[in-house]
Amino acid sequence: MKLATLESTSVLTVPLAECRICASETSLVLDLGAMPPANWLTNDPSDVVHEFPLTLEQCVSCRNLQLSHCVDAGVLYSRYNYATPQSKALSRHYEELLMALRKHGAGDESFVVEVGSNVGLLLEFFKPHFQRVLGIDPAENIARIAQERGIDTIVDFFDASVAARLKQQGGPADVIVARHCMAHNADPYSLLDGVDSLLSANGILVIENAYALNTVLNNEFDQIYHEHMFYFSLSVINRMLRRYDMEAFDVQMSEVHGGSIAVFAARKAARYLKTQAVVDTLASEDDFFGSDAIRRFAASAFEIRDSLTRVVSNAVRSGKTIYAYGATAKGSTLLNFCGLTRESIPYCADSTPIKQGKFMPKSGTQIVSEEWAFQNPPDAFLLTAWNYKEELIEKVRRAGITCDFIMPIPNVLVTRS
Ligand code: TMP
């Protein structure tokens with residue numbers, strides 16, 4: 001996207017000097033500088049991409065972690081390319097979510113709605129187990145893929161008015177799942193407004209997000225990008241739910257996206273039994289927010305940058321080639337924060353067909369298929385999709401390639417296959 005086609009930055013971003021959850025004062029945590037939205041892949045490496053401030057801040061009252069500048073959703077998703085990958089780890093996770101829903105009473109007759117359903121992989125898995133599944137996703141190109149797979153999917157942003165329409169057409173939902181999408185809206189209450197309108201009296205809401213404590217304690221500063229406007233903890237989600245007379249009754253931690261939390265919530269009147277996991281999680285969050293973990297997290301971002309740029313420049317100087325592996329949004333933040341470009345990282349292997357042939361924004365690194373990367377192997381892969389590291393390393397090994405792997409997170413580590 002050329003700079004000239006966009007209006008002024010102030011129209012496209014909404015800076016706010018207050019907490020978007022409780023309206024209290026905020027303080028700066030980490031300024032990553034100006035960057036293009038991480039998923040704005042370009043068709044040409046020299047495409048000038050619009051950049052927006054990328055700054056993490058924290059509420060001094062409710063401890064919410066949020067971006068100071070939120071890019072307008074219409075602009076952010078104008079060129080959305082994220083398609084959930086086929087992954088063994090994700091399939092196991094879907095199974096665990098299903099088991100938890102079953103345990104909490106969701107049955108064969110349930111109507112399940114997924115908000116931000118992407119290419120429909122979760123609903124495809126759920127479909128044989130429930131009466132009806134329905135997806136809703138604002139990215140038309142992505143929703144179309146789900147429809148082609150036979151998953152009933154509506155193209156729209158989920159909010160109270162869309163929810164009311166869905167309820168009128170199909171009745172209340174017994175289960176609403178919102179995986180990794182509540183942080184994608186400058187006003188996360190709009191999703192809960194919709195839930196409040198659509199969820200049945202005893203219905204279950206599952207909100208899954210990257211877990212703030214994992215992000216911080218694991219030095220995952222690359223989880224910070226414009227789509228991730230919030231870094232949720234259970235205490236902040238519970239605080240939001242209170243507005244709707246809802247609360248969390250169970251949580252499930254997983255390895256997904258570097259450490260995620262799935263919060264199971266319901267209306268208070270439905271009287272679900274609160275699990276010990278909820279009590280323990282809230283207690284550990286109290287300890288965490290009382291420590292200096294967030295200050296150390298900010299410092300570690302700069303240490304990782306120094307260390308990674310040193311490793312890459314030493315390798316390039318000695319004639320070695322490095323490819324990234326996984327054209328993730330995390331990868332965009334990592335490359336751009338570290339100032340790494342196609343000069344040192346010319347290619348990025350990725351299994352997603354719609355990403356291949358495109359270029360990572362600003363760094364200009366070209367996305368190629370895994371097959372091409374394996375036929376033209378580098379001396380080292382920088383694991384920009386480090387959250388799938390076992391699967392990626394296994395694929396490289398199976399291709400008979402001997403090379404180094406550079407793990408950027410939680411600290412820069414070079415290993416050999
Ligand atoms: P994510 O961490 O945001 O889910 O993105 C993972 C990226 O990694 C996605 O673009 C697909 C890519 N990927 C591969 O290229 N090969 C794989 O085996 C897996 C699991 C993911």
Side-chain angles (χ1 to χ4, degrees), residues 37-42 76-77 79-94 116-122 125 137 139 141-142 145 179-181 183-184 208-211 214-215 218 220-228 231 254-260 262 323-336 345 347-361 363 365-378 381-399 401 403 405-410 417:
N39 282 309
W40 273 12
L41 305 180
T42 65
L76 201 54
Y77 297 106
R79 31 162 70 199
Y80 199 59
N81 283 294
Y82 181 74
T84 315
Q86 297 274 7
S87 144
K88 287 183 203 141
L90 276 182
S91 303
R92 278 195 301 273
H93 182 57
Y94 298 162
S117 48
N118 200 266
V119 291
L121 294 189
L122 175 72
F125 178 77
D137 197 288
N141 55 332
I142 299 292
I145 299 174
R179 296 188 58 243
H180 300 274
C181 59
H184 291 214
E208 181 178 316
N209 287 297
Y211 186 38
N214 288 114
T215 303
N218 220 5
E220 297 169 10
F221 75 88
D222 57 346
Q223 296 276 17
I224 303 173
Y225 43 87
H226 294 97
E227 279 99 337
H228 283 176
Y231 301 81
S254 69
E255 298 282 306
V256 171
H257 290 304
S260 295
Y323 299 172
Y325 197 163
T328 55
K330 294 185 284 292
S332 289
T333 293
L334 184 77
L335 295 181
N336 290 333
I345 319 256
Y347 300 111
C348 176
D350 196 285
S351 59
T352 318
I354 55 170
K355 293 184 181 179
Q356 292 159 9
K358 297 199 168 113
F359 298 82
M360 308 271 286
S363 73
T365 294
Q366 183 170 15
I367 302 165
V368 293
S369 67
E370 291 167 306
E371 293 74 22
W372 187 92
F374 294 167
Q375 278 156 16
N376 305 272
F381 278 110
L382 167 61
L383 296 180
T384 35
W386 48 260
N387 45 322
Y388 295 110
K389 77 168 185 254
E390 282 87 12
E391 290 182 50
L392 303 189
I393 292 175
E394 178 57 28
K395 275 189 177 173
V396 173
R397 284 206 180 121
R398 254 189 283 127
I401 297 161
C403 68
F405 295 100
I406 308 171
M407 270 293 287
I409 304 291
S417 71

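Just so it is clear, the structure is predicted and the values come from calculations on it, not from any experiment. We count ligands from 1, going down the list as the structure has it; atoms in each ligand are counted the same way. Along the sequence shown, the residues carry numbers beginning at 1.
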- Message: If I take atom NZ from residue K358 and atom OG1 from residue T42, how far apart are they, to the nearest 0.5 angstrom?
- Response: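 Output value for this atom pair is 9.5 Å.
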- Spacing of CZ belonging to F405 relative to CG belonging to L382, to within rounding of 0.5 Å: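 Here the interatomic distance stands at 11.5 Å.
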Please work out whether the ring planes of [X] and [Y] are parallel, tilted or perpendicular, with thresholds of 30° and 60°.
X    : Y    : result
H228 : H184 : tilted
Y325 : F381 : tilted
Y94  : F125 : tilted

- Sequence neighbours excluded, which residues qualify as salt bridge (Lys or Arg N to Asp or Glu O under 4.0 Å) partners of K395?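 For K395, the residues satisfying salt bridge (Lys or Arg N to Asp or Glu O under 4.0 Å) (neighbours in sequence not counted) are E370.
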- Item | Every residue of the protein that comes under 4.0 Å of ligand 1, judged on heavy atoms |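 These residues qualify: Y82, P85, H257, Y325, G326, T328, K330, D350, S351, T352, K355, E370, A385, N387, Y388, E391, L392, K395.
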